[in-house]
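Okay, structure first, notes after.
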4 protein chains.
Amino acid sequence: MSGDSFGRVFRVTTFGESHGPGLGGVVEGCPAGISLSEDIIQKELDRRKPGQGPTSTKRKESDRVKILSGVFDGRTTGTAIGLYIANEDQRSRDYSQIRDIYRPGHGDMTYDAKYGFRDYRGGGRSSGRETVSRVAAGAIAKVFLQSAGVDVLAYTIELGGIRADFRSRQEVFNNAFACPDPEIVPIWERLVKECKKDGDSLGGVVEVVAYNVPAGLGEPVFDKLDARLAYALMGVGAVKGVEIGRGFEAARLTGSRNNDALARQGFTSNNAGGILAGISTGQPLIARAAIKPIPSIAKTQKTITNKGLETEISIGGRHDISAIPRIVPVLEAMFMLVLADMYLLHRSRKDIFIQT
Amino acid sequence: MSGDSFGRVFRVTTFGESHGPGLGGVVEGCPAGISLSEDIIQKELDRRKPGQGPTSTKRKESDRVKILSGVFDGRTTGTAIGLYIANEDQRSRDYSQIRDIYRPGHGDMTYDAKYGFRDYRGGGRSSGRETVSRVAAGAIAKVFLQSAGVDVLAYTIELGGIRADFRSRQEVFNNAFACPDPEIVPIWERLVKECKKDGDSLGGVVEVVAYNVPAGLGEPVFDKLDARLAYALMGVGAVKGVEIGRGFEAARLTGSRNNDALARQGFTSNNAGGILAGISTGQPLIARAAIKPIPSIAKTQKTITNKGLETEISIGGRHDISAIPRIVPVLEAMFMLVLADMYLLHRSRKDIFIQT
Amino acid sequence: MSGDSFGRVFRVTTFGESHGPGLGGVVEGCPAGISLSEDIIQKELDRRKPGQGPTSTKRKESDRVKILSGVFDGRTTGTAIGLYIANEDQRSRDYSQIRDIYRPGHGDMTYDAKYGFRDYRGGGRSSGRETVSRVAAGAIAKVFLQSAGVDVLAYTIELGGIRADFRSRQEVFNNAFACPDPEIVPIWERLVKECKKDGDSLGGVVEVVAYNVPAGLGEPVFDKLDARLAYALMGVGAVKGVEIGRGFEAARLTGSRNNDALARQGFTSNNAGGILAGISTGQPLIARAAIKPIPSIAKTQKTITNKGLETEISIGGRHDISAIPRIVPVLEAMFMLVLADMYLLHRSRKDIFIQT
Amino acid sequence: MSGDSFGRVFRVTTFGESHGPGLGGVVEGCPAGISLSEDIIQKELDRRKPGQGPTSTKRKESDRVKILSGVFDGRTTGTAIGLYIANEDQRSRDYSQIRDIYRPGHGDMTYDAKYGFRDYRGGGRSSGRETVSRVAAGAIAKVFLQSAGVDVLAYTIELGGIRADFRSRQEVFNNAFACPDPEIVPIWERLVKECKKDGDSLGGVVEVVAYNVPAGLGEPVFDKLDARLAYALMGVGAVKGVEIGRGFEAARLTGSRNNDALARQGFTSNNAGGILAGISTGQPLIARAAIKPIPSIAKTQKTITNKGLETEISIGGRHDISAIPRIVPVLEAMFMLVLADMYLLHRSRKDIFIQT
């Protein structure tokens, strides 16, 4: 209950810091008999790797996952799956600057306030590097969900204020922004180039959609499916907002416009984003997450030291320009973890006494 | 783990449907020795009562809370607090229409999909009426937090697409919209009148702010303070989006604009909404929730029966035009519940080995 | 997480003190569609009622249960079931004696140590009266489990050191001790009479057996089925020991004697009590609980006041001579709650990928 | 919620099988600032190592623990602590025999029933080897508790039916049985020799005592301190019974004998084992666990194959004669984990409003 665990029936517990020996986690509740290998997980981890596009640092991390338990003869045994990713690229750096200075937009000040002490090397536990464990665990949820026909896709719908349209699923895998709109890609590329020149960073919006989610997932009252999704997505480092279906736009519609009518063949629209009263309708689930710009920038910023003295900081080095697109598979993984959990929880009581 | 509980150390578990005998809950983990009475809780419940403003139905519910346990000689004993609110206004109505028809925007279809069966009277467990238990529990969290100096305020910042400014705290209690901007009130009144005439409904945006929250609340990785807040707010019936600090706007800023600089006297801005790396900074916490328009409208809508036959529905009767302002104390209550929980969780380990 | 909840998928949360307005609880996770009524629950509560035998006080409590939610048209809806039992027999008594004096064997001293304050009327939350909520919740688990063929029986196997044999199931319901051995009943009756004369009290041992439990229930590592049962039974007020199968006797056997051999038709003995490696084997589950003598006795005892002054106390009034047999349905209820929970948890992942 | 986690505020989640790559876990909720190193944990692991006495196999496992996260500059950071112990002694063995045969007293049959599939190498997740993770996690709880003055000691009080007396604490560390009674040691040695000759195994009873536990730990109703201890101890592989204080003996005492009287200087006896109404009294906590004989024996046993065919099995190889004494530090570790958790949970709300 200290925040390193997520889920109830399908659950992950993670550990690890950016500059310690390594990161990993324990996945509990995965059904027995799924075909699982390090290669399957590795494929997802590779999507999150740095150094893959215009927004990304050149830092090389091979991020090789090891399965430590819970898989036998190529299949899950139903028991706890241990995962480990060693930290390899730990250059011996001089941390004296960030040891004493609170970087604006980072958790340096709050970790000191909370613990009275912190691992200052690269942000420690608050580093975005912890998401490697989420992606590894999400890969297991993905294998399980795919066997149930569920499919999750995340993509960048906005970068630095410039919006893309959803043109094609294939396109998402064709460019370095996970952008579904090929016409926007060159515009974003110029934007990133400018931003880099300025020593600044960019935010954006990522959309996550899940297809073939069966109706009935989610639990009344506090564990509505949308509540669990918001909980999962907002817990990812750079996320500052989450919306479902029409989201904030729905607040500006009248009821007659926002309600999704029903016809014989099903709903005739999906403003609700696939969730009514917190329970999945069977339509695609749709969520969006607002990603703040990366706080580590080369531009000089005013701040204070941990002694309260005023100073300035310019953060050079190997930093991404945007959490996008590396955050895309992370949000996808969180979606998977929520769905696997809600799926199993629902399954536990489904159709015992009443046939639907 | 079935969704009726929220919180870890300070926790509420609720029950109840809109047309059953009553609603209530159990509050666990409240420290011993707090002055508590039914009157204190009642004051909060009265803020949520229907029939109090232009957006609200005339339905009269006295909503009298009873404390069933956990309070002795006017103070909490530290043990479980039982709460009960009897349903009084249960007119014997004819439910045959909604028994068989799926109301658009409601959980009728999803509850059937999930349980194969549902209490069709007024929405059953999916009715907004369940929030009465949240407000009662939140009132207890509020008494506790106030003694620690924490103060939470929620207000309507947008209705039907028309935005208000935060002019004054006092104003929030002076009008029927919980609107902090007196100049907007007459505009919203006209909007509501028009909407009612159309047989339609309205959504809006509610902002929740918490003052004097100590730095250090929130737990890394999955239980970041913003993740818990999003989880709490998104679980309230009509909410379709949640954002923290600048929220979706932050996605359109560069890092140099979005980062909050630090000076000797503290942060010089609060784009982060009082949370960095998931942990409170000591600045005010700021969140906003997007409220969808109420789905029950008089206007005729296309839908189907539970047998899949196409039909139409026009929902008359005692329905609000908007969840605003009755949802305002509900969101406030959820904030309180998160903060009380995170406060106690943090307190459990605070300053054991290291002095801040 | 404050101790008033038990279970994961099938979960109960309780509240209430012996002299407050009433007691009750919330049952979550019960599957939809079970036939349930107040009468079904009442039947179990009546088994726990005082004033029913030689060991029991004459205090009259009608203990009428009310279902406050979660049941519609005589069937569970799958949502939270609210339960309430009003306290009726609240004589206005003079509590000044026990207000200031720590009764030996009671929680008076520890509640003061924990909370700095306590509801001294009849033990407050630490009163055995809280078990009424367990029995009510267990009744719901029972209905569910019976439909799955599972059957739980508890009975007294020892009283005041005098052992009974298991002669017949029917006998358990034929005497006031829930004793399966008719020859022992008159001996126990004399023992109780003597003890009453002495102003003293008695303990004993209760055995609980569950039949037709499917193989496969229980979760490795910490949530073994035996661990959950021990957790459940040891949490009942007077229980000081729990054993499974041969229990403490198994510690005195060699492996060749203790191991249960397997033959074509199944196990040829059941020393394990139906659990191997924490998972049910399909044989009957067998557990025993050691019940301490009731601490409230007429005999004069040395103790101190809450100011630390030495004094004496003789507890007269309406007290049972033994927690037996009233504790019997309580232990049965706890067994039911564990099994319902483990059953659903197992069901959530059962046979997804591999056919047994 | 799949059984691999234990605790609420101080919590451990484990993974690993006896013949996979390794075992380990994640410890959450440990306060920041504790001095912690691999050496400190290693010391506890070494107490559990095989090959150390007359009851133990000669199998050599160096069981070197690695701390993967959560410790910086020799102190805990307050964030998740990752632990790993690689499996080294994985001889390439022929498992064809146990692959198809259900070993009596083992989980082979139940794991197949539960998962439809199992890691048959050495018991997989059901192997006693999983306790290495418990001991590593318990070592962290121990460091924390020691700083609070709490001290836990476990020792063997009975082996093969022959009882020892508690003579001295020092003695516990002087012999290979963790026996506090030097006169019994040679008798047990002979017993073990005989048993080994017979190809059989032995059980026993281990007592665990915690000193300087502050009054007030434990939570009403289901999370009484004794309930949590029973839960923790019964979850350890070979344990078939748990008792607190006088335990099963208390069932044979009258109330006047069993109650612990109070005098100015405190309790005058400790039949309760330091717990009243589920909350610690400040006296030593006393629990005992019944340990069944190890099921793996050389003697020929009747059993069946996984196809249901009758057969015989004789389990040779490197097996212990008794889980004692290797289980002693495991039970100690579980005690520590319970106490650390209950300590922090209690601390979260202690003395907020009322001074004791």
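All values below come from the heavy atoms of this structure, side chains included, with hydrogens, waters and symmetry mates left out. Protein chains get the first letters and strands the later ones, always in sequence-line order, with residue 1 at the start of each.
Atoms CD1 and CG, from B:Ile85 and C:Leu68 in turn, are 11.0 Å apart once rounded to the nearest 0.5 Å. Separation of atoms OG (B:Ser5) and CZ (C:Arg11) is listed at 3.5 Å; rounding is to 0.5 Å. Here C:Thr77 contributes atom OG1 and B:Tyr115 contributes atom OH; the two are 7.0 Å apart, rounded to the nearest 0.5 Å. One distance of note links CD1 of B:Ile81 with CG of C:Asp4; it measures 10.0 Å at 0.5 Å rounding.
Using a 4.5 Å cut-off between heavy atoms, B:Arg118 contacts chain C through its backbone alone, with no side-chain atom that close. Heavy atoms of B:Tyr120 lying under 4.5 Å from chain C belong to its backbone as well as its side chain. Heavy atoms of B:Ile67 lying under 4.5 Å from chain C belong exclusively to its backbone.
C:Thr79 places a side-chain heavy atom less than 4.5 Å from the side chain of B:Tyr111. At a threshold of 4.5 Å between non-hydrogen side-chain atoms, the residues C:Phe72 and B:Arg121 count as touching.
A cation-pi contact links B:Arg75 to C:Phe117, judged by a cut-off of 6.0 Å to the six-membered ring centre and 45° from its axis.
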Notebook entry, point to check: Could you go step by step and tell me if C:Thr14 and B:Val26 meet the side chain to side chain contact (heavy atoms under 4.5 Å, CB included) rule?
Noted result: CA-CA 7 Å; C:Thr14 75; B:Val26 184; over 6 Å; no

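Contact record, B:Glu28 with C:Gly3: OE1-N, 3.6 Å, taken as the closest heavy-atom pair.
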